[in-house]
Novice: 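One structure coming up, written as structure tokens, with questions to follow.
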Amino acid sequence: MYNINRTFIFKNLYQNIYVSQKNGTKEDYNHNEIPTYAKPELYRRWNIQYVKAESEVLEFGENAPNMRVAVIPYTSQYANKFTEFDLAYLDGAKPDGEVVNGQNANYRIYSVRPQNNIIKIYFLKLTK
């Protein structure tokens with residue numbers, strides 16, 4: 001009588017992303033600080049959307065069109081895992097063929113906000 005098979009109305013609601021954690025910085029021979037990143041780690045099926053809420057648009061201002069937000073469960077797996085300035089690979093970007101970790105990243109973590117049962121992670125698009 002009823003079809004109880006799970007169907008996804010929104011096909012592109014979930015996506016796989018890679019996150020590369022920032023290790024610190026090192027100096028080159030000209031005394032420039034160069035950030036170093038860990039090997040990117042794959043995270044599966046995250047709900048990543050554009051920043052659309054009016055309060056978020058007012059908060060981020062002109063950066064809002066270039067931002068994405070991920071809502072993930074607050075579990076021990078994700079607690080204290082992400083920090084600002086970590087690099088992320090969204091919209092199908094992958095770390096394949098990188099010489100330096102973070103070379104193909106197209107977003108960076110702008111803000112991490114733990115709440116009661118979720119963590120909101122805001123990503124800012126990198127310009128290259």
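Fair warning: this is a prediction, and the values are worked out from it, not measured in the lab.
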Novice: Specify the closest pair of heavy atoms between I48 and Q15, including all atoms of both residues, with the distance to one decimal.
Specialist: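 Closest pair (atom of I48, atom of Q15, distance): CB-NE2, 3.7 Å.
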Novice: Got a salt bridge between E59 and K120, using NZ or NE/NH1/NH2 to carboxylate O under 4.0 Å?
Specialist: no
Novice: Tell me whether the rings of F123 and W46 are parallel (<30°), tilted (30 to 60°) or perpendicular (>60°).
Specialist: tilted
Novice: Once you round to the nearest 0.5 Å, how far does CE of M67 lie from OH of Y107?
Specialist: 10.0 Å
Novice: Which heavy-atom pair separates K94 from Y18 by the least distance, and what is that distance?
Specialist: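 Smallest interatomic distance, heavy atoms only, reads CG-CE1, 4.1 Å.
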Novice: With the side chain counted from C-beta on, respond yes when I118 and Y74 share a heavy-atom pair under 4.5 Å apart, and no when they do not.
Specialist: no
Novice: Could you grab the distance from atom CG of N32 to atom CD of E27, nearest 0.5 Å is fine?
Specialist: 8.5 Å
Novice: Would you check if N101 and T36 make a side-chain contact, meaning some heavy-atom pair closer than 4.5 Å?
Specialist: no
Novice: Search all heavy atoms of P40 against all heavy atoms of Y89 and return the closest pair with its distance.
Specialist: CG-OH, 3.6 Å
Novice: Taking all non-hydrogen atoms of both residues, which atom of T25 and which atom of P35 are closest, and how far apart?
Specialist: CG2-CA, 4.0 Å
Novice: Taking L87 as the fixed residue, which of I109, L126, V19 is the one that meets the side-chain contact (heavy atoms from CB on, under 4.5 Å) rule?
Specialist: L126
Novice: Decide whether I72 and L90 are clustered together by the hydrophobic rule: side chain heavy atoms of Ile, Leu, Val, Met, Phe, Trp, Tyr closer than 4.5 Å, transitively.
Specialist: yes
Novice: Rounded to the nearest 0.5 Å, what separates atom CZ in F60 from atom OG in S55?
Specialist: 9.0 Å
Novice: Looking only at heavy atoms, what is the nearest atom pair of K81 and Q77, with distance?
Specialist: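 Looking at all heavy atoms of both residues, the shortest contact is CD-O, 4.0 Å.
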Novice: Verify, without hydrogens or angle tests, whether N104 (side chain) and D96 (backbone) share a donor-acceptor contact under 3.5 angstrom.
Specialist: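 At least one qualifying donor-acceptor pair exists.
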Novice: When you check the side-chain N and O atoms of E98 and Y37, is any donor under 3.5 Å from an acceptor?
Specialist: no
Novice: How about R44: does its CZ atom have over 12 heavy atoms from other parts shown lying under 6.0 Å from it?
Specialist: no
Novice: So does K22 get a backbone contact from the side chain of D86, meaning a donor-acceptor N/O pair under 3.5 Å?
Specialist: yes
Novice: Given the rule that I, L, V, M, F, W and Y join up when any side-chain heavy atoms are under 4.5 Å apart, are L124 and V69 in one cluster?
Specialist: yes
Novice: Roughly how far, to the nearest 0.5 Å, is the NZ atom of K26 from the CD atom of E33?
Specialist: 12.5 Å
Novice: Show the nearest heavy-atom pair for residues A93 and N106, with the distance to one decimal.
Specialist: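 That would be CB-ND2, 3.7 Å.
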Novice: Quick one, R45 and N16 - any side-chain contact, counting heavy atoms below 4.5 Å?
Specialist: yes
Novice: Please determine whether the number of non-hydrogen atoms from other residues, nucleotides or ligands lying under 6.0 Å from atom CD of Q115 exceeds 12.
Specialist: yes
Novice: Is the side chain of D28 donor-acceptor paired with the backbone N or O of N30 at a distance under 3.5 Å, no angle test?
Specialist: yes
Novice: Between Y122 and N63, is any pair of side-chain heavy atoms under 4.5 Å apart?
Specialist: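 They are not in side-chain contact.
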